[in-house]
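Written out below as structure tokens is the structure these notes cover.
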Protein chains: 2
Amino acid sequence: MNIGQAAKASGISEKMIRYYESIGLIAPVGRTDAGYRVFSDKDIHTLRFIFRARSLGFSVEQMGNLLALWQDRHRASADVKAVAYAHIEELDNKIERLMSMRRTLQHLAEHCHGDHRPDCPIIGDLAGLADPLDAALSSEHPTSPESVRDTVSQS
Amino acid sequence: MNIGQAAKASGISEKMIRYYESIGLIAPVGRTDAGYRVFSDKDIHTLRFIFRARSLGFSVEQMGNLLALWQDRHRASADVKAVAYAHIEELDNKIERLMSMRRTLQHLAEHCHGDHRPDCPIIGDLAGLADPLDAALSSEHPTSPESVRDTVSQS
DNA sequence: TTGAAGTTTCCTATCATTGGAGAGTTGAAC
DNA sequence: GTTCAACTCTCCAATGATAGGAAACTTCAA
């Protein structure tokens, strides 16, 4: 099997297959006399393993660990589980960070008129107004850099 | 104000301030005769704006748009709102992708014995078994590359 | 005057991935 | 047999946001 077929069969691009080989995530595969890579069924299977692990968000380093565990007949499932839970925790952290951003932004956006007027609590928050919602709802002037700077330097 | 003080006051590292200047996100600031950057109150305020936008997950490009809107006294709040909602959608996509990974991984991990035995539905799933949970729960042999390959090539 | 701390620019690296250039190989049609 | 398209090879560069370091220069206080 050539690299093109291997890419199609595994879901991993040719570029990435070469890359994974270059960084040692996968062992160097066979070569023809002309230097073309030759992929065995086992190689393809390893690539599919990587494809699935990647789609679960595992990093290259974690995939290396998982591959090692996969190839270890005497592994303890507890070790695999530990890698999985460590990754779940990472995912949780990322999710929480994104959801926190989302909450803040949603809250600000909900209170933005969204019309032709310049006043906007979103800009107000970014500009660092103490209470961007109130400011936007009550102020008569837009929250542009100059006006904000004035406000700030006056305080 | 020197760059060190500006970094402390804004929460953005010196490195990143220079970077933001180099890519044109912020205009070049003043310089002393010796070439040291000099930050005005307004510059600091812009940096804080960027700091807050970044902490809400906006990309450099989006921050450029937001800065332009901020500096535009005649902006329509609808434009700001549109940028915000576009970003919320991006956040939603990222969150959903991560949560999907989390769900799958959690499901697999819950069914992993987590003991000294090698059988593990997590590895089984990565290896591409049709039903990794069943396979892991019922098989007598670990799901190592060779055994999987045999299984696959037999099918 | 000296020395530490601050600043400058420039180069490098990260992570995972994509793109391209230039050279060589394969395989099928003519 | 030649030709031509499709494929593959290696190497180099770029992405986006950030960090680290080197070498040279400036500032400021002791």
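Being a predicted model, the structure only gives us computed values, none of them experimental. Chain letters run A, B, ... following the sequence lines, proteins first and then strands; every chain starts at 1.
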Listed pairs, N/O of protein and of nucleotides 28-30 of chain D, under 3.5 Å:
none

* Any chance you could measure A/D43, atom CG, to A/E21, atom CD, to the nearest 0.5 Å? => 9.0 Å
* Asked: Between atom CD1 in B/I3 and atom P in D/dT27, what is the gap in whole Å?
  -> 15 Å
* May I ask you to evaluate whether A/S13 reaches the phosphate of C/dT18, defined as a side-chain N or O under 4.0 Å from OP1 or OP2? => yes
* Any donor-acceptor pair under 3.5 Å linking the side chain of A/Q62 with the backbone of A/V83? -> no
* Between A/Q5 (CD) and D/dT8 (C1'), how many Å, whole number? -> 12 Å
* A/Q5 side chain to A/N2 backbone, donor-acceptor under 3.5 Å -> yes
* Structure fact -> Separation between CE (A/M99) and CG (B/D92), nearest 0.5 Å, reads 9.5 Å
* With no hydrogens and no angle check, is any side-chain donor or acceptor of A/H87 less than 3.5 Å from a backbone partner on B/L105? -> no
* Roughly how bent is the helix from C/dT1-D/dA30 to C/dC30-D/dG1 end to end, in steps of 10 degrees, with each end axis from five pairs? -> 30°
* Between atom NE2 of B/H74 and atom CG of B/D79, what is the distance when rounded to the nearest 0.5 Å? -> 13.5 Å
* Using atom CD of A/E21 as one end and atom P of C/dT17 as the other, report the distance to the nearest whole Å. => 16 Å
* Can you tell me how far the CG atom of A/L98 sits from the CD atom of B/E90, to the nearest 0.5 Å? -> 11.0 Å
* Roughly how many Å is it from CZ in A/F51 to C1' in C/dT17, rounded to a whole number? -> 14 Å
* **Contact list for DNA chain C against residues 25-39 of chain B - heavy-atom distance below 4.0 Å** => B/R31, B/G35, B/Y36, B/R37
* Selected nucleotide, minimal atom distance to A/R18 side chain, candidates D/dT8, C/dA16, D/dA17 -> D/dT8
* Can you check the B/M16 CE to D/dG20 P distance for me, whole Å? -> 13 Å
* Asked: Quick one: does A/R75's side chain have a donor or acceptor within less than 3.5 Å of a partner on A/W70's backbone?
  -> yes
* **Comparing B/K15 and B/G4 on DNA chain C - which has the more 5′ nearest nucleotide** => B/G4
* Structure fact -> Separation of C/dA16 atom P from A/R54 atom CZ, nearest Å, is 10 Å
* Structure fact -> Interatomic distance, NZ@B/K94 vs CD1@A/I95, rounded to 0.5 Å, equals 13.0 Å
* Asked: Looking at C/dT8, D/dA17, D/dT8, which one has an atom nearest to any side-chain atom of A/N2?
  -> D/dT8
* Salt bridge present between B/R117 and B/D115 (N-O < 4.0 angstrom) -> yes
* Going through the checks in order, is the salt bridge (charged side-chain N to carboxylate O under 4.0 Å, His left out) test met by A/R18 and A/E14? -> CA-CA 6 Å; A/R18 295 194 192 98; A/E14 303 179 19; 3.5 Å; yes
* Taking the side chain of A/E14 as its heavy atoms from C-beta onward, which of D/dA19, C/dT18, D/dT8 lies nearest to it? -> D/dT8
* Give B/Y20 one of three labels, base, sugar-phosphate or nothing, depending on what nucleic acid heavy atoms sit under 4.0 Å from its own. => sugar-phosphate
* To do: Round to the nearest Å and state the distance from A/Y19 atom OH to D/dT10 atom C1'.
  => 17 Å
* Would one find more than 12 heavy atoms of other residues, nucleotides or ligands at under 6.0 Å from atom CD of A/E110? -> yes
